[in-house]
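Remarks on the structure that follows.
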Amino acid sequence: MKDYRSAALRAVVTRAQEASPFYREKLERAGVRPGSIRGLEDLPRLPFLTKEELRGHPWRLLTCERRDLMIIQVSTGTSGGEEIYSTQSRMDLRYHLSAHYPSLLPVTTGDVCLNALPYEMSTSGLAMHREFAENCQATVIAAGKGGAYSTPAKTLKVFQDLRPSIVITSPSWAIALAEEAARQGLSLPSMAPRRMWLTGEGCSATFRRRVETLWGCAAFFLYGSLEGGMMGVECEARQGYHLTQGHTLLEVVAPDTGEPLPPGSVGELVVTALLRHDSPLLRFRTGDLGVLEEGACTCGATASRFRVRGRTFEQLQYRGQSVSPIFLEEFLMRMPEVGNWFHFVVPASDTARIKVRCEPATGVRPSQELGNTLASRMEFFTRLPLEFEFVEHLPRTGVKALRVVRE
């Protein structure tokens with residue numbers, strides 16, 4: 001595996017340096033001479049690629065003719081700024097589908113997969129469509145998520161008619177579909193799929209358990225991005241994501257200095273794509289925080305593991321602390337009095353408290369006394385000053401769930 005990954009790295013760097021004016025100039029400035037990258041140990045010599053360098057430049061990474069491109073997709077825009085485009089050629093798509101992970105994606109011929117991820121603009125729906133249909137040889141229901149036709153009601157009708165064995169969607173959309181099932185009087189557990197994957201949003205373990213209870217099946221996490229593709233899949237042991245290391249090199253670096261960090265240290269995830277020759281991705285700073293895990297996984301898979309701690313721009317900066325909303329969600333979702341929809345409202349002043357704006361759970365009557373009790377309970381675990389605001393209804397959308405609101 002090390003020999004393969006070293007050879008793959010040499011190939012993509014050579015391609016970038018020879019065929020991309022953007023990369024040629026970038027590598028020259030960093031003092032990287034042609035042919036000087038020989039193996040994985042040379043990876044830190046390569047300069048970082050940032051989102052800012054890609055915004056508004058759809059052709060910047062190309063090392064092929066535009067006529068060779070098969071698909072162009074666009075960022076969801078959750079991190080703000082101009083659009084980021086992902087371009088893939090026929091050759092790169094063919095290479096991408098040459099690496100497969102059957103122990104991490106146990107989907108096969110005969111499985112029917114409800115793909116409730118966005119197809120429009122985004123990479124996620126089409127990426128998993130190809131993975132299930134071409135690599136796994138399964139049947140795919142192209143349901144989509146939140147579009148003109150992929151409403152919760154329509155998706156539930158399709159689910160009821162076709163009884164898929166696999167479901168992939170985002171955590172918040174899984175809840176929205178479960179709410180629609182309840183309105184229709186449908187029992188999701190009585191039609192439970194064999195397995196569910198959740199992706200596209202940060203999700204705590206306790207929120208995942210709520211999804212599993214509503215759907216009556218096991219749910220696993222999958223990690224990917226527009227730029228890096230599918231980078232991590234959770235196994236049965238649930239001890240972090242296993243890296244799709246046939247496709248991906250993953251580093252963890254200090255967000256402020258860019259210095260590589262050892263396993264066990266939390267930093268920014270940096271990805272290099274090993275099978276993209278026509279639009280090379282070299283040391284791309286994802287903006288996500290994570291940590292590399294040490295030791296073997298109990299599931300037996302040898303692929304290295306990592307965990308994700310949330311996105312850098314979503315971290316709550318409060319009273320000198322950086323707090324992940326997933327950390328707060330973990331404790332909030334442990335309280336049965338709280339419903340499945342919530343916001344963390346971060347005040348403009350450090351003298352004010354963080355507000356938890358949430359719906360009460362079904363059958364719970366909200367009150368100031370209940371809010372004070374829950375705030376005290378959460379403060380005990382988080383060490384943060386909190387207050388609760390109960391609302392009757394928070395908006396549901398087909399886009400990514402909003403968890404952090406800044407005053």
Side-chain angles (χ1 to χ4, degrees), residues 78-80 170-172 175 198 200-211 221 223 238 240 252 254-256 261 264-269 286-291 293 306-361 364-397 400-407:
T78 52
S79 57
S170 68
S172 61
I175 295 292
L198 301 175
E201 298 167 351
C203 182
S204 65
T206 49
F207 195 90
R208 186 236 302 267
R209 284 195 289 272
R210 290 193 176 203
V211 171
F221 294 148
Y223 171 72
R238 299 183 178 183
V252 176
D256 50 351
L261 296 175
S265 301
V266 177
E268 185 177 359
L269 298 177
T286 65
D288 292 334
L289 296 174
V291 56
E293 295 287 321
F306 66 100
R307 296 181 188 269
V308 179
R309 295 286 187 252
R311 312 192 76 176
T312 53
F313 72 89
E314 289 178 339
Q315 302 301 293
L316 283 67
Q317 305 300 325
Y318 185 72
R319 297 188 182 180
Q321 299 182 64
S322 181
V323 183
S324 168
I326 298 176
F327 170 77
L328 294 180
E329 178 187 285
E330 173 68 27
F331 295 103
L332 180 66
M333 293 290 95
R334 291 181 186 180
M335 297 190 287
E337 300 91 343
V338 176
N340 296 317
W341 299 92
F342 57 89
H343 293 157
F344 299 118
V345 184
V346 185
S349 168
D350 277 357
T351 61
R353 292 173 172 267
I354 295 175
K355 182 181 294 182
V356 180
R357 181 177 293 146
C358 63
E359 296 179 11
V364 172
R365 178 172 296 179
S367 66
Q368 187 62 52
E369 181 181 3
L370 176 60
N372 293 339
T373 299
L374 298 182
S376 297
R377 206 184 299 171
M378 270 197 76
E379 285 180 18
F380 177 80
F381 291 106
T382 66
R383 307 299 182 191
L384 291 171
L386 300 162
E387 64 178 352
F388 272 68
E389 177 191 0
F390 289 106
V391 295
E392 184 176 342
H393 184 81
L394 286 171
R396 278 72 159 147
T397 70
K400 291 185 179 182
L402 176 68
R403 296 302 189 210
V404 179
V405 177
R406 292 178 170 85
E407 291 186 339

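This chain uses plain numbering: 1 for the first residue, then up along the sequence.
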Side chain to side chain, Thr373 and Glu337, heavy atoms closer than 4.5 Å:
no

For Arg353, run the salt bridge (charged side-chain N to carboxylate O under 4.0 Å, His left out) check against Glu389, Glu379, Glu387 and tell me which one passes.
Glu379

Can you tell if the side chain of Val308 reaches within under 4.5 Å of the side chain of Leu269, non-hydrogen atoms only?
yes

Can you list everything that forms a salt bridge (charged side-chain N to carboxylate O under 4.0 Å, His left out) with Glu201? Sequence neighbours excluded, please.
none

If you count heavy atoms of other groups shown closer than 6.0 angstrom to CZ of Arg365, is the number above 12?
no

Using the salt bridge (Lys or Arg N to Asp or Glu O under 4.0 Å) rule, take Arg209 and Glu329 through it: C-alpha gap first, then chi angles, then the decisive distance, then the call.
CA-CA 12 Å; Arg209 284 195 289 272; Glu329 178 187 285; over 6 Å; no

Measuring only between side-chain heavy atoms, which start at C-beta, is Leu328 closer than 4.5 Å to Leu316?
yes

With a 4.5 Å heavy-atom cut-off, do Val405 and Phe344 have their side chains touching?
no

Does some side-chain heavy atom of Thr286 sit less than 4.5 Å from a side-chain heavy atom of Tyr223?
yes

Hey, does the Lys NZ or Arg CZ of Arg403 hover above the aromatic six-ring of Phe342, less than 6.0 Å from the centre and inside 45° of the axis?
yes

Side chain to side chain contact (heavy atoms under 4.5 Å, CB included) partners for Leu261, two or more places apart
Val252, Ala254, Ser265

If we only count heavy atoms from C-beta on, is the Ser324 to Gln315 side-chain gap below 4.5 Å?
yes

For Phe221, is the NZ or CZ atom of Arg208 found under 6.0 angstrom from the centre of its six-membered ring and inside 45 degrees of the ring axis?
yes

To the nearest 0.5 Å, what is the distance between OG1 on Thr382 and CZ on Arg377?
13.0 Å

Evaluate the side-chain proximity of Leu370 to Phe388: yes if any heavy-atom separation is below 4.5 Å, no if none is.
no

Which residues pass the salt bridge (charged side-chain N to carboxylate O under 4.0 Å, His left out) test with Arg210, not counting sequence neighbours?
none

Roughly how far apart are Leu332 CG and Asn340 CG, rounded to 0.5 Å?
10.0 Å

Hey, can you tell me if Phe331 and Phe327 have their rings parallel, tilted or perpendicular (30° and 60° cut-offs)?
perpendicular

For the residue pair Ala375 and Leu386, what are the closest heavy atoms and their distance?
CB-O, 3.5 Å

